[in-house]
Amino acid sequence: MHVAEKGQGPEILFLYGFPELRYSRCHQTIALASLSYRAVAPDLRGFGDTDELLEMTSYTCFHVIGDLIGLIDLVAPNDEKVFVVGHDSGTYMACFLCSFRANRIKALVNLSVVFNPNTSVSNSNWIKALGAYYGDDYYIGGIHEPGEIEAQFEQISKGYGHPPDAIIALPGWLSDEDIKYFTTKFDKNALLKESTITKGVKEYIHKGEFRSDVPLLEEVTIMEGVGHFINQEK
């Protein structure tokens with residue numbers, strides 16, 4: 001497992017979502033290290049410079065949580081607890097980590113994606129529901145078909161949906177060096193969207209259901225003028 005860490009003090013474990021890597025947390029690791037925390041940001045299995053396994057069955061939440069507990073045992077021995085920060089699909093792993101091994105977690109902060117208590121919905125039905133709501137080309141449905149999404153990424157990476165010779169204006173928070181890092185790593189692994197608050201989530205938060213589902217919730221912060229990649233933009 002490839003891990004970036006910086007600083008000394010209470011440990012903070014950073015988890016990211018697709019298509020990011022531990023690299024996307026570099027701003028937070030530097031800032032929190034300066035505040036006397038030990039920031040720990042791993043590439044998860046199959047991503048970046050962490051070893052990849054060929055069997056698809058080796059990427060369940062139980063495998064990922066097992067990896068993370070092994071990492072926590074290393075950076076915080078003697079059953080010490082750590083802070084956890086999740087973003088995007090990394091929030092799901094963060095919630096699983098808290099559910100399975102609450103004895104190792106001090107507190108959790110999730111960004112951009114809220115806790116989903118509806119564990120009774122199967123993965124296939126969940127994907128169908130997303131397709132029905134967002135359309136058949138919604139990316140989460142596509143990435144579950146082996147081979148199909150790799151072919152799409154190969155075309156997209158040649159111009160991010162633009163002609164190869166088109167000049168693409170990147171947002172201020174994303175540099176050419178950032179893009180080069182991500183594309184280099186994903187090319188090695190053989191394997192962008194603009195967002196608003198998802199319909200229904202605002203009501204879920206403000207009408208009290210969210211607090212009911214997460215009884216130890218301390219605070220909800222809504223940041224204006226920021227998209228999905230909140231940890232890089234703000």
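The figures here come from the full heavy-atom set of this structure, side chains too, leaving out hydrogens, waters and symmetry mates.
- No side-chain heavy atom of I12 sits less than 4.5 Å from a side-chain heavy atom of V40.
- Within the 4.5 Å cutoff, no side-chain heavy atoms of R45 are placed close to those of D51.
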| field | Residues V3, L71; criterion side chain to side chain contact (heavy atoms under 4.5 Å, CB included); working and verdict | value | CA-CA 9 Å; V3 180; L71 176 59; 3.9 Å; yes
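- The backbone N or O of L68 lies less than 3.5 Å from no partner atom in the side chain of R101, so there is not a single donor-acceptor pair.
- The shortest distance between side-chain heavy atoms of I105 and K81 does not fall below 4.5 Å.
- Looking at heavy atoms from C-beta onward, L97 lies in side-chain contact with L13 at the 4.5 angstrom threshold.
- H27 and Q232 form no side-chain donor-acceptor contact under 3.5 Å, judged by distance and modelled atom types alone.
- Side-chain atoms of E233 come within 3.5 Å of backbone N or O of G227 as a donor-acceptor pair.
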| message | Before you tell me yes or no, could you show the steps for R22 and D49 under salt bridge (charged side-chain N to carboxylate O under 4.0 Å, His left out), namely the whole-Å CA-CA distance, both residues' side-chain angles and the distance that decides it to 0.1 Å? | response | CA-CA 10 Å; R22 61 92 194 157; D49 294 317; 5.4 Å; no
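- Residues M1 and P42 share a closest heavy-atom pair of SD-CB, 3.8 Å.
- The aromatic rings of F47 and F18 sit perpendicular, their planes meeting at an angle over 60°, well past the 30° parallel limit.
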| said: If you apply the rule side chain to side chain contact (heavy atoms under 4.5 Å, CB included), what do you find for H87 with I230, and how did you get there? | reply: CA-CA 9 Å; H87 175 256; I230 188 170; 4.0 Å; yes
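- Using modelled atom types, one side-chain atom of D178 and one backbone atom of S175 make a donor-acceptor pair closer than 3.5 Å.
- Judged purely by distance below 3.5 Å, without hydrogens or angles, the side chains of H228 and D88 pair a donor atom with an acceptor atom.
- Each of V82 and L74 belongs to its own hydrophobic cluster when Ile, Leu, Val, Met, Phe, Trp and Tyr are linked at side-chain heavy-atom distances under 4.5 angstrom.
- Evaluation of the side-chain hydrogen bond (donor to acceptor under 3.5 Å, both in side chains) rule for N110 yields no partner, not counting sequence neighbours.
- Ring pair F115/Y92: centre-to-centre distance not below 6.0 Å.
- Annotation for Y37: atom OH does not count as buried by contact number, only 12 or fewer foreign heavy atoms lying within 6.0 Å.
- Remark: the backbone N or O of L44 is paired with a side-chain donor or acceptor of Y16 at under 3.5 angstrom.
- Counting only distance, with no hydrogens or angles, the side chain of S99 and the backbone of C95 share a donor-acceptor pair below 3.5 Å.
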